[in-house]
Amino acid sequence: MQRKATVQEILPDGRAELAVRRESACSGDCHHCGGCGAVGQILRLTAENPICAQKGDIVYIASDSAPVLWAAALVYALPLVLFLTGYLLSMRLGAWAAAIGAAGFLAGLVPAFLYNRRVKRRPPVYTIIGFVK
């Protein structure tokens, strides 16, 4: 996954502190569709600096896409699958089927919370891969 970032500081250990504008899933162009109108947040992160970017440079950064896809599967797919499985297997119980499905949904959220804690302990590694021209 690649994003644009601005170098804020050069750290002594060969890394750089960057500012990255967080965009929404709709690419942050709310003025085109009149959507949510959310204000873009600025995230500060640290990245490896193998290209010796300097303060003020606008650069591309890259990170592994696998953690993002894994998190999406845990947050969206697993709870849905557990809800449907619980509901469909307990349909003969009548009104209890919805409660069992809801319990499956909530149980499906537990791995997402655990994964979130793991990512907070070991944040993703970003690398500056090039300059924006």
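Just so you know, these numbers use all the heavy atoms, side chains as well, and skip hydrogens, waters and symmetry mates. Bear in mind the structure is a predicted one, so any value in this text is a computation, not a measurement.
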Are Asp64 and Pro124 close enough that some pair of their side-chain heavy atoms sits under 4.5 Å apart?
no
Are the side chains of Leu45 and Ile61 in contact, using a 4.5 Å heavy-atom criterion?
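Yes, at least one pair of side-chain atoms sits under 4.5 Å.
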Rounded to the nearest 0.5 Å, how far apart are [atom1] of [X] and [atom2] of [Y]?
X: Arg121; Y: Asn116; atom1: CZ; atom2: CG; value: 10.5 Å
X: Leu18; Y: Thr46; atom1: CG; atom2: OG1; value: 7.5 Å
X: Phe131; Y: Gln54; atom1: CZ; atom2: CD; value: 7.5 Å
X: Asn49; Y: Ile51; atom1: CG; atom2: CD1; value: 6.5 Å
X: Arg15; Y: Glu17; atom1: CZ; atom2: CD; value: 9.5 Å
X: Lys4; Y: Arg21; atom1: NZ; atom2: CZ; value: 12.0 Å

Where [X] and [Y] come nearest, the two heavy atoms and their spacing:
X: Gln2; Y: Ile129; value: NE2-CD1, 3.3 Å
X: Glu48; Y: Val125; value: CG-CG1, 4.4 Å
X: Leu74; Y: Leu78; value: O-CB, 3.8 Å
X: Pro79; Y: Val75; value: CG-O, 3.4 Å
X: Ile10; Y: Ala53; value: CD1-O, 3.0 Å

Shared hydrophobic cluster, Tyr60 / Ile58 (ILVMFWY, side-chain heavy atoms < 4.5 Å):
yes
Linked, directly or transitively: Trp70 and Leu82 (ILVMFWY side chains, under 4.5 Å)
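Both belong to a single hydrophobic cluster.
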With a 3.5 Å cut-off and sequence neighbours excluded, list the donor-acceptor pairs that the side chains of residues 88-112 form with protein atoms.
unit_1: Ser90; atom_1: OG; unit_2: Gly86; atom_2: O; d: 2.6
unit_1: Ser90; atom_1: OG; unit_2: Tyr87; atom_2: O; d: 3.4

Backbone N/O of Gln8 and side chain of Arg44: donor-acceptor pair under 3.5 Å:
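Between the backbone of Gln8 and the side chain of Arg44 there is no qualifying donor-acceptor contact (under 3.5 Å).
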